[in-house]
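One structure is given here, and the rest of the page talks about it.
Just so it is clear, the model here is predicted, and its values are computed rather than measured. Read the numbers this way: they start at 1 and go in the same order the structure lists the ligands and their atoms.
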Amino acid sequence: MTHQSAFLLIFCFVHLGTATSTQHPDCRARGGGFNDTSMALSLRPLSAYADALCQDGSPAALYVRQCCNGPDPGDWCNHTQVIPTWLVVFGDGNNDGWCWDAASCAARAREFPALTTSSGLPHFFSRDGDNKGEAIGAFSKSGEGNPNFYPSYAAYVPYCSSDLFVGNSTSREAPHFRGQAIALAALTALSRDMHASAASAPGKELNVVIVGGAGIMTQLSQLRAVLPSAAKVTAVCDGCVLFDDESADRALSANPTQQDRNRTGNPCNGGDAYSCLPRQTLPQAVKLWSALDAFGLCLDGWRCLLDAPARLVAAHNSTPLLAQQPLYDGHAISSHTEKTPSAVRARITKALSSAHVIVGSACSTPSAAFTRSAFNYVTFGGGLPPLSFSTAVNALVRGGKVQLLDTCEGINCNPSCTPAMIE
Ligand SMILES: *[C@@H]1O[C@H](CO)[C@@H](O)[C@H](O)[C@H]1NC(C)=O
Ligand SMILES: *[C@@H]1O[C@H](CO)[C@@H](O)[C@H](O)[C@H]1NC(C)=O
Ligand SMILES: *[C@@H]1O[C@H](CO)[C@@H](O)[C@H](O)[C@H]1NC(C)=O
Ligand SMILES: *[C@@H]1O[C@H](CO)[C@@H](O)[C@H](O)[C@H]1NC(C)=O
């Protein structure tokens, strides 16, 4: 690790030396209209990093977008009114689940093939065919739709390792679990771009927002170590809360029988980790993934993945943390069969409460909202401009404190959970 960082620093120094007048790309195409290469996030393979492999052995990849200059001064990367910021997003929080044994990994490759490989990744990052508008949440280039973050630098690391980005298994054949190597490779590759962006805005802060699920949150200090040392790092735990069933804990702590297991969770189903309790899959999973070295100072084994906000604040109180999760998260409800939605809500509220900045809507989906339209469109109260996840991330980056927690009761009682479809 030390050797790698020293090498990287030397490399960057040389790179900066030859690129003192970094030109930002133009947002507009020469013939008129927008230039997708500047406006959208483009695919960049990580094939230079031999260990950064997807479950099926294909090289992992990331998507990157620099800040572009446009006709509006708000788009000028040298001059922006909005804090210039790198948003680095690892998958969709815990949303896409994981696999935990040979059968569930094979089922995952069959049922969710796109989550186990990099082959077939499109050239531009998009949601529902939209690569620069409001469907991609914080990545949107719309000044009106995404006022806090449209000029940002953006990176997205697709999740293809089925291991919550914590695996470090050295198995030579598929399934591979190399999520740790993927996360480190992605940040190492981005670190060069971050140095260049800092050089192009002398005297300004270099803000880096790391967004991810439970596995990324456990590794924050290892990830921090490959970023430029001047970067001001904040963390967003986006749909990252996993919790065990406390009554099951008591019933099972001594010596669980098969009957106890059946009583306290669903039978796990195919490749769907949310068809059962975390305790039914994660103990085997972290062994299969060789994940324990990702947990740093946390010595609780698989439980290091539970209650990520509290653990992160306990380990790194100096890194400002935002935690976001819908209070009626559908995945949490489906994995805790015996809990009522209001009990799940109480448990998620408790888990979020450790963070410095809190976003909890009374919605059931999406679990991770950072790169979804819900980032701007799920609102809290009727004020103007409306308060949203976006407002809260802006406060986080500026060092403020915000708590956005719905008080209405019932799944989707916040009317903005299900916005009217716009044709
Ligand atoms: C679009 O931008 C890229 C660089 O970001 C540039 O190489 C390309 O020539 C531009 N295309 C047009 C049509 O302006
Ligand atoms: C910033 O960039 C814009 C667009 O490229 C340019 O018009 C402006 O003069 C630049 N300002 C400074 C202070 O360099
Ligand atoms: C537990 O559930 C499994 C699968 O649903 C079933 O085959 C088994 O008989 C159950 N065992 C007990 C003790 O209830
Ligand atoms: C991952 O495993 C390799 C080989 O066992 C080891 O050298 C490396 O230090 C591990 N990575 C981390 C982050 O501990």
Return yes or no for this condition: an N or O of Asp26 is under 3.5 Å from an N or O of ligand 1.
no
At a non-hydrogen distance cut-off of under 4.0 Å, which region of Gln180 contacts ligand 4 (side chain, backbone, both, or neither)?
side chain
Identity of the nearest option to atom 11 (N) of ligand 4, non-hydrogen atoms only, from Asp51, Thr170, Asn168, Leu184
Asn168
The side chain to side chain contact (heavy atoms under 4.5 Å, CB included) partner of Leu288 among Ser171, Ser169, Ser162, Cys105 is Cys105
With heavy atoms of Pro25 as the reference, note each atom of ligand 1 found under 4.0 Å away.
5 (O)
If you measure every N/O of Arg28 against every N/O of ligand 1, is any gap under 3.5 Å?
no
Would you call the rings of Phe370 and Phe139 parallel, tilted or perpendicular, where under 30° means parallel and over 60° means perpendicular?
perpendicular
Atom 9 (O) of ligand 1: which protein heavy atom is closest, and how many Å away?
Arg30 NH2, 3.1 Å
Going through the checks in order, is the side chain to side chain contact (heavy atoms under 4.5 Å, CB included) test met by Val88 and Leu190?
CA-CA 9 Å; Val88 183; Leu190 286 169; 3.9 Å; yes
Could you tell me, atom by atom, which parts of ligand 4 come under 4.0 Å of a heavy atom of Asp293?
1 (C), 10 (C), 11 (N), 12 (C), 14 (O)
Are any of the protein's heavy atoms under 4.0 angstrom from atom 7 (O) of ligand 1, yes or no?
no
Contacting atoms of ligand 1, where contact means under 4.0 angstrom from a heavy atom of Asn35
1 (C), 2 (O), 3 (C), 8 (C), 10 (C), 11 (N), 12 (C), 14 (O)
Is the closest basic N to carboxylate O distance between Asp92 and Arg372 below 4.0 Å?
yes
Contact check, Ser38 vs ligand 1, heavy-atom distance below 4.0 Å
yes
Decide side chain to side chain donor-acceptor pair (under 3.5 Å) for Asn146 and Asn376; before the verdict, give the C-alpha distance in whole Å, the side-chain angles of both, and the deciding distance to 0.1 Å.
CA-CA 7 Å; Asn146 184 31; Asn376 283 296; 3.2 Å; yes
Would you call the rings of Tyr159 and Phe165 parallel, tilted or perpendicular, where under 30° means parallel and over 60° means perpendicular?
tilted
Among Lys132, Lys141, Arg65, Arg28, which one satisfies salt bridge (Lys or Arg N to Asp or Glu O under 4.0 Å) with Asp36?
Lys132
